[in-house]
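Computed from a predicted model, the values in this text were never measured in an experiment. The chains referred to below are lettered A, B, ... by the order of the sequence lines, with proteins before strands, and numbering in each begins at 1. Scope of the values below: all heavy atoms of this structure, side chains included, with no hydrogens, waters or symmetry mates.
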Amino acid sequence: MGSRLKLFIPLLLFAILALFLFRGLGLDPAEMPSALIDQPLPEFSLPELGGASNLSRADVIGQVGLLNVWATWCVACRVEHPYLLELAGQGVPIFGLNYKDDDRGASEWLVELGNPYELNIVDREGTLGLDLGVYGAPETYLLDAQGVIRFRHVGIVDQNVWATILQPLYQSLQAEMPVQ
Amino acid sequence: MIPEIGHFALIISLCLAVILTLVPAWGAWRGNSVAMALAPSLSVGLLVFVGISFACLSTAFLQDDFSVKLVASHSNSLLPPIYKFAAVWGNHEGSLLLWLLILSLWTAAVAVFSSQLPLLVLSRVLSVMGGIGVGFLAFSLFTSNPFARLLPGTPVDGSDLNPLLQDPGLIIHPPLLYMGYVGFSVAFAFAIAALMGGRLDASWARWSRPWTNIAWAFLSLGIMLGSWWAYYELGWGGWWFWDPVENASFMPWLAGTALIHSLAATEKRGLFKSWTVLLAIFAFSLSLLGTFLVRSGVLTSVHAFATDPARGLFILIFLAIVVGGSLTLYAFRAPAVSSRVSFGWVSRESLLLWNNVVFLVATITVLFGTLFPLMVDALGQGKISVGPPYFNAVFVPLMALLVPFMGAGPISRWKRDTVSRWRGELVIPAAVAVVCGFTLPLLQAPYNIWVALAVLMSSWLFIGLARDVLQKVRTPAGPLRGWRRLTPGYCGMVIAHLGFAACVTGVVATSQYSVEHDLKMRPGDVRDLAGYDFRFIDVMQVRGPNFVAEEARFEVTRDGVPVAIMMPQKRRYLATGSVMTEAAIDAGLFRDLYVAMGEPVGSGGAWAMRLHYKPMVRWMWLGAILMAAGAFTAALDKRYRRQRATSPAETVAHGV
């Protein structure tokens, strides 16, 4: 009987796997853990890519803008990049968070592909990424003028995402600005 | 009208598939040979109607019928006809229809080419495949109808196929990949039929082997093409990213590799029976799991299709029924008693067992790495991602554990072998391999220890195989006679193992020796890379059928001798406005030169350029082609086409 029971092991393992998969269906990998939405961007002090001084939270707030998490090792970032250039061309301020990357490669990337970023925060150890709960690259956060995170998008920002999700929020936040 | 015919044909296919699942299975259960004999005709009928449906969708694409939603969102009137056709499977609904077409193709192929199978087995096999068809047909009809119309509100023009997919690679990559994925359903169906019949003997292994080999060969080619496509189309010279979707195709390949080897032991020696059945179930389950991962949206990937939770739930339920059902059947019906056939530690059996252990560990490693983010998230532990470092760290040592034993495989004997005989056979290959490993990398400075190890390993395989072939060929009747005596099965093994050796060399050499430069270049500038001089001549405007491009011209020379004119492009597709990099590649057996354009920099016509020197990158894909060729060759072996009955009379009649 013992040897027959052994044959049930694959079934048992599959049942566990199926439970995980079922649970996974209910989760959106692109969804933000709700904790940070409408919370201020965490404080940080990190070097600037290609710059001498450290950057802090104050450097990226003051206007409605995007914080884009990227890295040279990220395939999807390459796909996303041309659209970011286009957005930057339209005057949308984009701040880069260069996540767990090496500085030289990142600088070369910007020379090669063009630079859509106002400035780039170097997060070599991923500390700010940890505070933000970065899941992977690319990710894009929408910040309001006070530096509060209003939205998070995991994955590529393209024409579709911008037009249907980010742009309406971006415009309504901009409309709020003069009042405050 | 045509889309409606297609839709209707799909509905008829579903009815046929339901009948194919139920009637022959009932016949097999009740011993009704009339019901069982229906299975082959039903299978062919299924192919005909799925074929009609597929033809209708293709027609809608080729005729720019933008009233069909799928055509409107994935095609464009400017698209060249060949890409209009490829656009049929450049999206979720259409690729599912392609999947169905290929499944019905395999089902019909089993019906036609397995007439030597006992009717009982054939009807069970076809019934299982029909059941898989029911699941996917229902999935297509109820959640992803490819024929949905946009009425009223038909757009004037379509919104174009993703430019990344407008490429010759895409035309054949998905069909090949699906041939592989779906092909494992045949081995699966044979395994389930054997479990149902309660007869797990050498004959089911012999029946499954050619089908498994062919499916595995297609999967190898499909994965290879995917890697090649990424290499030249993404524009930055990478060829494997451990992306969830790549992993989804790699896992069935790994499990299939284990299955091929384990089937050999089951067929020849009646060993590992339960284990082989389990692997057949695994290989196909992993194909299904891949489908789930790609189409449900549980993981993020650049490749993933537009997703919908309803679809995810549907596939998950289907996955649970198919995999859960077959594993339950396995638990009740697989032989629990270990076979009485014994083998020594030094024998071909133990080497095959080792192969199985390595490939299974590799499969589980990739599975775990792919699902880990999901599991952590499901346990409420936050969100993390697993990158290439994890996969490389586990995969490299695994392969290093495989190759030394792989070299001993061909010369080993079944049942019981001796260490002293192995030593005698292998001492020369080992010595030559060591010499090669230390000297060949000297050709390229600086000396690289990883390349030395790779050369050591692949020459160990190569020389072992070459020596074995030469020994087998050496007969008293002369070498010609000896060559003819080699069986396709043996030749296939040699070719596939050589392919593996080439692959290992290619992967390691290109990872270690590649040189890449990102530079700012002005027309007239000359840059040197790995001994080649790249002269940037100029940039011109060119126009394609549905894009405009800036095309740079490079003249490449080596020591003043012209090597190539390379013309990379930066394309802007008219319908979507998306910008794509089209790299220029000068391919060679020992090195690729690769130029991709970045962005214009400043004024004066300067551009950011990316120059690559990639040694031996072709070996990797050449190796994969050899592996596939080997598997095809092995499937041609005469013994798979032998008649069903092995009565002495027939054996004599066939002169076997």
key: Proximity breakdown for I281(B) and chain A, heavy-atom pairs closer than 4.5 Å   = neither
Chain A contact via L319(B) - which portion, at a heavy-atom distance below 4.5 Å = both
key: Heavy-atom proximity to chain B below 4.5 Å, by part of I9(A)   = neither
message = For L19(A), which atoms come within 4.5 Å of any heavy atom of chain B: side chain, backbone, both, or neither?
response = neither
request  = Return the set of residues passing salt bridge (charged side-chain N to carboxylate O under 4.0 Å, His left out) with D144(A) (not counting sequence neighbours), or none when no residue passes.
outcome  = R150(A)
Would you compute the distance between atom [atom1] of [X] and atom [atom2] of [Y] and round it to the nearest 0.5 angstrom?
{"X": "L371(B)", "Y": "L21(A)", "atom1": "CG", "atom2": "CG", "result": "6.0 Å"}
{"X": "M609(B)", "Y": "E112(A)", "atom1": "CE", "atom2": "CD", "result": "10.0 Å"}
{"X": "L278(B)", "Y": "L7(A)", "atom1": "CG", "atom2": "CG", "result": "8.5 Å"}
{"X": "L313(B)", "Y": "F22(A)", "atom1": "CG", "atom2": "CZ", "result": "6.0 Å"}

task = Return the minimal non-hydrogen interatomic distance between P10(A) and Y330(B), and the atom names on each side.
result = CG-CE2, 4.2 Å
query = Counting only heavy atoms not in R57(A), do more than 12 fall under 6.0 Å of its CZ?
reply = yes
request  = May I ask you to list the residues in residues 87-98 of chain A that approach chain B closer than 4.5 angstrom, counting heavy atoms only, ordered by number?
outcome  = none
